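Have a look at the structure below, then the notes.
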Protein chains: 2
Amino acid sequence: MLPKLFHDLPANALKNINFQKSETIFRQYDETCGLYFVISGKVSLKRHSPNGDEIIIHNAGKNETFAEAALFSKEYHCDATAIETTQLVLINKAAVLAQMASNPIFAMNLSAQFARQIQIYRRRLEIQAIQSADERVYAAIGDGMLQGNIIKELAAHIGLSHEATYRSLANLVKRNKLTKFARGKYIIK
Amino acid sequence: MLPKLFHDLPANALKNINFQKSETIFRQYDETCGLYFVISGKVSLKRHSPNGDEIIIHNAGKNETFAEAALFSKEYHCDATAIETTQLVLINKAAVLAQMASNPIFAMNLSAQFARQIQIYRRRLEIQAIQSADERVYAAIGDGMLQGNIIKELAAHIGLSHEATYRSLANLVKRNKLTKFARGKYIIK
DNA sequence: GACCAAATATGATTTCAATCATATGTATAT
DNA sequence: ATATACATATGATTGAAATCATATTTGGTC
């Protein structure tokens with residue numbers, strides 16, 4: 001779901017684009033044209049260090065934006081590549097900047113959107129820092145991080161192996177901390 | 001170092017405040033008055049879940065801002081408490097919002113600041129997800145995350161025990177991937 | 001220079017998640 | 001109804017970080 005604030009932009013500021021697996025979206029040093037929203041699929045954002053190592057910046061998945069910093073920079077800071085078949089919305093930089101300049105409410109909504117994202121990432125860092133798989137899974141479920149009903153995706157999202165995640169879920173149910181009400185569906189007790 | 005953009009605010013929009021260890025800075029549901037910058041010390045941001053568990057949102061340390069989302073909300077979303085003696089700058093919400101409304105450049109700079117923070121947190125998530133302590137330490141050093149010269153702080157920052165961190169540093173030096181040029185000082189080869 | 005607290009270093013042991021291996025269940029397409 | 005790909009589940013083993021225990025070094029203060 002594209003964040004509501006972007007609907008305030010002119011219609012031609014939003015452009016759907018499809019990418020095949022392994023296709024390049026943009027490269028580091030390309031001139032920036034906008035930020036992106038992921039409708040479906042997954043995008044890998046990477047950079048190369050001076051000594052040639054590959055630095056993973058982020059993998060952006062469904063319902064996430066990426067390349068926000070591109071709004072404020074002439075060049076993209078990294079390479080973006082589709083990990084799988086991917087559908088994106090390109091949100092035009094010039095349109096965003098123009099809207100920010102002319103509509104203070106839009107500018108404020110954009111800052112608010114970014115501030116919310118900061119909050120989300122901070123919490124994710126805390127969760128990922130939890131050593132115990134059981135406690136990490138419990139925290140993630142509590143935070144609503146199980147979005148669909150695929151446990152394997154939750155596992156990847158919180159940095160656990162899928163096996164450890166299944167086990168933790170089973171333990172938590174056994175310990176009466178969670179209820180499993182359907183396949184891939186749990187609630188906190 | 002307070003981000004430059006906040007210097008564009010009127011002087012009375014910035015207020016230094018000191019807190020003793022364990023002192024409350026704000027509580028969840030308090031009316032928001034602004035965001036904060038940490039000059040020194042550490043602040044714990046926590047919330048309580050419906051069933052009484054304590055949820056750690058973030059620990060904010062030196063040179064970080066926190067409570068950014070307060071700019072866009074009537075109430076604080078969590079409790080903030082000083083973990084140790086702490087010196088903060090309170091950045092006045094009304095002044096920030098007024099400046100955003102009247103100065104599009106300021107609004108843009110604030111969004112840019114937040115976008116940079118998003119980038120930093122995303123990268124930190126990736127680093128923290130690296131299983132191998134050696135590779136995690138290497139990535140963190142490469143990203144300039146060793147800010148002072150206290151390895152123990154780096155360890156806490158990247159989610160490793162201090163022992164594992166010292167060991168990894170020693171391994172990386174032995175493997176010729178890092179050079180130690182002083183106590184607590186390393187560079188990538 | 002002496003003292004002290006904290007950081008760093010290192011050895012040994014424990015813990016538990018990752019990994020490997022296999023089996024079962026399930027949603028989807030035909 | 002059947003076939004298939006993928007998710008889920010579970011047992012066994014491995015590996016490496018956490019933890020525990022000590023020792024040494026170092027920076028700051030007096």
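Note on naming: letters A, B, ... go to the chains in the order of the sequence lines (proteins, then strands), and numbering restarts at 1 for each one. Fair warning: this is a prediction, and the values are worked out from it, not measured in the lab. Side chains included, hydrogens not; waters and symmetry mates left out as well; all remaining heavy atoms used.
Residues B:Ile17 and B:Ile25 have side chains not in contact (no heavy-atom distance under 4.5 Å, counting atoms from C-beta outward).
Backbone-only contact: B:Asn149 has heavy atoms under 4.0 Å from sugar-phosphate atoms and none from a base. Within the 4.0 angstrom heavy-atom criterion, base atoms lie near A:Glu163. Among the atoms of the strands shown, only primed sugar atoms or phosphate atoms (P, OP1, OP2) are found under 4.0 Å from some heavy atom of A:Gly159.
Taking atom CD1 of residue A:Ile158 and atom C1' of nucleotide C:dA18, one finds them 14 Å apart after rounding to whole Å. Across the protein-nucleic acid pair, A:Leu172 atom CG and D:dA9 atom P stand 13 Å apart, rounded to whole Å. Rounded to a whole Å, the NZ atom of B:Lys174 is 12 Å from the C1' atom of C:dT10.
Picking from C:dA9, D:dG27, D:dA18 the nucleotide with the shortest atom distance to the side chain of B:Arg183 gives D:dG27. With C:dA17, D:dT19, C:dT8 as the choices, the nucleotide that has an atom nearest any side-chain atom of B:Ile150 turns out to be C:dT8.
Within the structure, every side-chain polar atom (N or O) of B:Tyr166 is placed at least 4.0 Å from both OP1 and OP2 of C:dA9. An OP1 or OP2 oxygen of D:dA9 is reached within less than 4.0 angstrom by a side-chain nitrogen or oxygen of A:Lys180. Distances shorter than 4.0 Å separate none of the side-chain N or O atoms of A:Lys185 from OP1 or OP2 on D:dT8.
Counting only distance, with no hydrogens or angles, the side chain of B:Tyr76 and the backbone of B:Cys33 share a donor-acceptor pair below 3.5 Å.
Comparing A:Arg167 and A:His162 against DNA chain D, the residue whose closest nucleotide sits nearer the 5' end is A:His162. Each of B:Ile151 and A:Ala133 lies near DNA chain C, and the nucleotide nearest B:Ile151 is the one positioned closer to the 5' end.
The number of heavy-atom neighbours closer than 6.0 Å to CZ of B:Arg27, taken from other residues, nucleotides and ligands shown, is 12 or below.
Using a cut-off of 4.0 Å between Lys/Arg side-chain N and Asp/Glu carboxylate O, A:Arg122 and B:Glu68 are scored as salt-bridged.
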